[in-house]
Q: 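Sharing a structure, written as structure tokens. Questions coming.
Not measured: the values here are computed from a predicted model. In what follows, chains carry the letters A, B, and so on, assigned in the order in which the sequence lines appear, proteins first and then strands, with residues in each chain numbered from 1.
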Number of protein chains: 2
Amino acid sequence: MSISSRFAVGIHILALIEINKEGISSSEFLAGSVNTNPAVIRKIMGMLKKAGLVEVHPGIAGAKLARDLSDITLLDVYKAVNVVQENELFSVHEEPNPACTVGRNIQDTIGPLFTAAQLALEKTLRNVTLEDVVKDIVDKDKINSKELSN
Amino acid sequence: MSISSRFAVGIHILALIEINKEGISSSEFLAGSVNTNPAVIRKIMGMLKKAGLVEVHPGIAGAKLARDLSDITLLDVYKAVNVVQENELFSVHEEPNPACTVGRNIQDTIGPLFTAAQLALEKTLRNVTLEDVVKDIVDKDKINSKELSN
DNA sequence: TTACATGTAATCATGATAGTTACTTTATGT
DNA sequence: ACATAAAGTAACTATCATGATTACATGTAA
């Protein structure tokens with residue numbers, strides 16, 4: 001099991017739109033960087049648009065960020081791309097036996113515990129903004145360039 | 001996407017072995033409570049056994065806990081049933097374009113962020129023991145019984 | 001109206017899940 | 001020794017999400 005790479009791709013897309021803000025970020029351009037099919041980008045872009053993270057219009061090439069970089073958290077992206085349904089990161093067997101003490105209580109006992117774990121994860125994602133991500137990408141790139149030039 | 005119900009079933013199994021400790025917890029008995037096939041239980045039991053959480057022997061009916069209830073955390077169960085590979089809760093697109101600033105740095109930037117989120121989730125699971133779970137199940141059952149008798 | 005980009009649907013291969021059946025291996029009791 | 005019973009395990013199935021691909025409809029602008 002793994003959370004869909006749509007999440008990682010969504011972050012990639014948004015970061016690239018920012019870094020390429022002087023240029024035009026078409027689905028083809030973005031697909032070239034992510035290394036996938038433009039239709040995949042457009043589908044994810046549709047989700048980001050629906051969530052109010054990007055502005056993009058039919059017939060007009062290029063996407064723009066709809067909010068300030070520092071106002072978009074990883075949690076926003078995570079929610080936007082629907083990698084996990086609301087409160088369903090963990091799945092629970094649906095029909096335990098009600099004739100058993102454990103069977104008739106396990107769901108109510110486990111539910112809040114799973115929710116707590118999920119919230120801890122989401123809280124971590126909420127503490128990182130796209131601004132942080134872009135800065136880190138740029139920093140890492142400077143270091144790599146320096147290494148190459150030595 | 002959802003984390004496999006093997007995790008929830010694993011917790012169910014262990015809790016039931018404890019509550020039924022005066023009796024014999026065969027795969028058929030456990031399957032009856034979880035409401036699934038005994039072979040499914042045996043497969044999960046094999047994982048719990050491999051992780052040192054239960055004792056179970058071929059030809060001998062019934063499983064026993066291999067550790068004290070208070071010494072088994074939900075994280076132990078989570079790891080035991082292999083619902084998530086080590087450090088791979090989130091998946092990242094494999095081959096971003098190295099000719100792009102974002103493409104050649106996205107993995108290194110995102111990796112630690114995803115790991116942090118995953119660790120936050122795991123930390124939460126580590127803070128809950130099977131003793132807590134069993135107590136809660138028993139408590140909830142008392143309340144339910146009281147409601148039914150009113 | 002031509003060119004081009006987005007929006008979107010249909011199709012496909014792949015992999016994980018959970019269930020089912022059936023068989024082998026091991027231990028116990030007569 | 002043999003019959004019984006349970007664990008261990010492999011093979012097969014249906015179902016579902018993913019990610020890629022193709023194709024086409026929709027919309028914009030020169």
Side-chain angles (χ1 to χ4, degrees), chain A residues 1-10 12-13 17 20 23-32 34-51 54-64 66 81-85 88-97, chain B residues 1-10 12-13 17 20 23-51 53-64 66 81-85 88-97:
Chain A
M1 191 293 309
S2 252
I3 288 173
S4 166
S5 68
R6 277 201 306 277
F7 182 28
V9 172
H12 186 139
I13 287 173
I17 291 174
N20 184 50
I24 294 175
S25 295
S26 66
S27 65
E28 192 172 348
F29 169 78
L30 296 169
V34 173
N35 194 13
T36 184
N37 194 291
V40 171
I41 298 293
R42 289 199 289 271
K43 185 166 185 182
I44 296 176
M45 192 71 76
M47 295 177 174
L48 298 176
K49 180 183 183 180
K50 195 174 172 185
V54 297
E55 282 179 17
V56 51
H57 305 279
I60 303 177
K64 300 290 181 186
V81 296
N82 288 320
V83 284
V84 171
Q85 297 308 103
E88 292 187 2
L89 175 56
F90 298 92
S91 54
V92 179
H93 47 303
E94 294 293 336
E95 297 176 332
N97 190 340
Chain B
M1 192 290 313
S2 252
I3 288 174
S4 167
S5 68
R6 279 202 304 279
F7 182 29
V9 172
H12 186 138
I13 288 173
I17 291 174
N20 183 50
I24 293 173
S25 296
S26 67
S27 64
E28 192 172 348
F29 170 77
L30 295 170
S33 174
V34 173
N35 193 13
T36 183
N37 195 290
V40 171
I41 297 293
R42 289 198 290 271
K43 184 165 187 184
I44 295 175
M45 192 71 77
M47 295 177 174
L48 298 175
K49 180 183 182 179
K50 194 174 173 186
L53 302 184
V54 298
E55 283 178 16
V56 51
H57 305 279
I60 303 177
K64 299 289 182 188
V81 297
N82 288 320
V83 284
V84 171
Q85 298 308 103
E88 292 187 2
L89 175 56
F90 297 92
S91 55
V92 179
H93 47 302
E94 294 293 335
E95 298 176 330
N97 190 341

Q: Atom CG of A:Leu30 and atom P of D:dG19: how far apart are they, to the nearest Å?
A: 17 Å

Q: I need the CD1-P distance between A:Ile13 and C:dT6, as an integer number of Å.
A: 11 Å

Q: C:dA27 P sits how many Å from B:Glu55 CD, rounded?
A: 15 Å

Q: For A:Gly59 and A:Pro38, take the nucleotide of DNA chain D holding the closest heavy atom to each; which residue's nucleotide lies nearer the 5' end?
A: A:Pro38

Q: Side chain of A:Ser91, backbone of B:Ser5: donor and acceptor closer than 3.5 Å?
A: yes

Q: Using a heavy-atom cut-off of under 4.0 Å over every strand shown, decide if B:Lys49 touches base, sugar-phosphate, or nothing.
A: sugar-phosphate

Q: Figure out the CD1/P separation between B:Ile24 and C:dA27, and round it to whole Å.
A: 17 Å

Q: Using modelled atom types only, decide if a donor and an acceptor are shared between the side chain of B:Ser26 and the backbone of B:Ala61 within a distance under 3.5 Å.
A: no

Q: How long is the line joining CD1 of B:Ile41 and P of D:dA6, in whole Å?
A: 15 Å

Q: So, does A:Ser27 get its side chain near the phosphate of C:dT6, meaning an N or O under 4.0 Å from OP1 or OP2?
A: yes

Q: What is the distance, to the nearest angstrom, from the NE2 atom on A:His57 to the C1' atom on D:dT28?
A: 11 Å

Q: So, taking the atom named OG in B:Ser2 and the one named CD in A:Glu88, what distance separates them when rounded to the nearest 0.5 Å?
A: 6.0 Å

Q: What N/O pairs connect the protein and nucleotides 15-22 of chain C at under 3.5 Å? Give each pair on its own line.
A:
residue : atom : partner : partner atom : Å
C:dA18  : OP1  : B:Ser5  : N            : 2.9
C:dA18  : OP1  : B:Ser5  : OG           : 2.6
C:dA18  : OP2  : B:Ser4  : OG           : 2.5
C:dG19  : OP2  : B:Thr36 : OG1          : 2.8

Q: Show me the donor-acceptor pairs within less than 3.5 Å that the side chains of residues 34-48 of chain B make with the rest of the protein, sequence neighbours left out.
A:
residue : atom : partner : partner atom : Å
B:Asn35 : ND2  : A:Glu95 : O            : 2.8
B:Asn37 : OD1  : B:Ala39 : N            : 2.9
B:Arg42 : NH1  : B:Ser27 : OG           : 3.1

Q: Between C:dG7 atom P and A:Glu28 atom CD, what is the distance in whole Å?
A: 15 Å

Q: Which heavy atom in B:His12 sits nearest to a heavy atom in B:Ser33, and how many Å separate them?
A: NE2-OG, 2.7 Å

Q: Could you pull out the closest heavy-atom pair between A:Asn20 and A:Phe29, with the gap in Å?
A: ND2-CE2, 3.3 Å

Q: Between B:Met47 (CE) and D:dT9 (P), how many Å, whole number?
A: 11 Å

Q: Can you list the steps and then say if B:Ile3 with B:Leu89 is a side chain to side chain contact (heavy atoms under 4.5 Å, CB included)?
A: CA-CA 9 Å; B:Ile3 288 174; B:Leu89 175 56; 4.3 Å; yes

